[in-house]
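Let me begin by handing over the structure; questions about it come next.
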Amino acid sequence: MSFESCIVKLTSYCNLNCTYCYMFNLEDNSYEENHKNMPEETASMLLQRLAEYIEQEGLTQFDITLHGGEPTLWPLKRFESFFHNIKNNPILYKAITLGLQSNLYKLPSTQLLDLLLENNVSLSLSLDGPKKVNDIFRVTPSGKGSYESISHNLSFILDSKYCSLVKGILSVPQTDTTPQDYFQWVKSLPIKNVDVLFPIHYHYGYKPWDNIGKSEQEYACSPNLGIWYAQLFDCWWFHNDPSINIRLFNHVISLMLGSHHHVDALVNDTLNMFVVSSSGNIEYPDYYRVAKNRNAETPYNIVDHSIKRLHSDSGFQNLLNLHRFTPKECNSCDHQTLCGGGFLAGRNGPDGMVLNRRSVLCYDEMYLFQHIKKRVLPTLEVTPNRTA
Ligand code: SF4
């Protein structure tokens, strides 16, 4: 089992201050000690380490997501050098795929957009729904909503020679809006490729049923988030327009049909990725930093340690072999192969990450999976061939 992707934090600052941001506004404050911008030498060392690892492991593909903070704030000269180093290393050039996750609050310079285009970098951006809801959560440091600026910048890019850069929108739907209104918003977007994420801020210290006047038993019978996602599924399913891709739903359906591909909250049999901070520290996935300060830290950094060295770290070994930690409650669950214990962020708590306890989003995920199964499976029934 090898690592196949990493998230690289090019910056440890941002021009937005989203209320639920796990980098700056939840429990972890390690960003305070990191470099604001990843130094050029650290980025260069990371690429050397990756080339060495890709060759050792015989990998044909390795995915890098450029992340932050806000990665487009990284100095242009460093982007030039980073892409130059990839182009000039045949191992990297052949294997690396690049994505950049931006809030798109500020339009990147045309020089940066040109670089992204030349280097086949796909661009994803974040919006959480219609303006009135998005602007409660995705705000500037002074509290101003971000929606108008992001929409304007997205339209500019889509109407320009850079349109092929845009891969899709990542969205943490806020249940302050109805699923029907949210879906109307999806239909109105200029790009209809939306990845609906499960919220990352629920864990054993802050459960979905806390503060809403429901006991755990009541929530298990009527899980608010699961119901919201299921209603959104119905809007999408009955609208029946294949040009609208809500990635979570398409993934659940393909998993029900036999795929085994792990994405975000699904399958959870292996997590073969690591994070590199702007100071070059190697960290566990961001799910770890949600509930406990410095919980994503490891003793490794990209200057002193090879990536192969991570294989002997017990934390990474556990993530690479996540299937060994399937919670015992899941053994009798109909959705075990689809879910594998649930969204990893929800297995966290003030006591740290406990891989073999099921996610606090279990009730919501179970409700959604059950609902999708009920909708989809009857459509797959084969009509007997009467002429045979
Ligand atoms: S839905 Fe719940 S019980 Fe079923 S596999 Fe997921 S976490 Fe486990």
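What you see below is based on every heavy atom in this structure, not just the backbone, and it leaves out hydrogens, waters and symmetry mates. Both ligands and their constituent atoms are indexed starting at 1 by order of listing.
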Given the options Glu283, Glu33, Glu27, Arg294 meets salt bridge (Lys or Arg N to Asp or Glu O under 4.0 Å) only with Glu33
N/O/S from Cys333 sitting under 2.8 Å away from atom 4 (Fe) of ligand 1 | yes
Check whether any heavy atom of Ser359 sits under 4.0 Å from an atom of ligand 1.
-> no
Looking only at protein heavy atoms, identify the closest one to atom 6 (Fe) of ligand 1 and say how far it is in Å.
-> Cys339 SG, 2.3 Å
Give a yes or no on whether Cys362 keeps an N, O or S atom under 2.8 Å from atom 2 (Fe) of ligand 1.
-> yes
Taking the six-membered ring for Trp and the single ring otherwise, decide whether the centroids of Tyr229 and Phe198 are under 6.0 Å apart.
-> yes
Atom 8 (Fe) of ligand 1 - nearest protein heavy atom and its distance = Cys330 SG, 2.3 Å
Does the side chain of Ser126 come under 3.5 Å of the side chain of Asn103 through a donor N or O and an acceptor N or O?
-> no
Output the list of atoms in ligand 1 that are nearer than 4.0 Å to some heavy atom of Gly342, sorted by atom number.
-> 7 (S)
Please check if the side chain of Ser222 supplies one atom and the backbone of Tyr219 the other of a donor-acceptor pair under 3.5 Å.
-> no
Check whether any side-chain N or O of Ser124 sits under 3.5 Å from a backbone N or O of Gln101 as a donor-acceptor pair, and report yes or no.
-> no
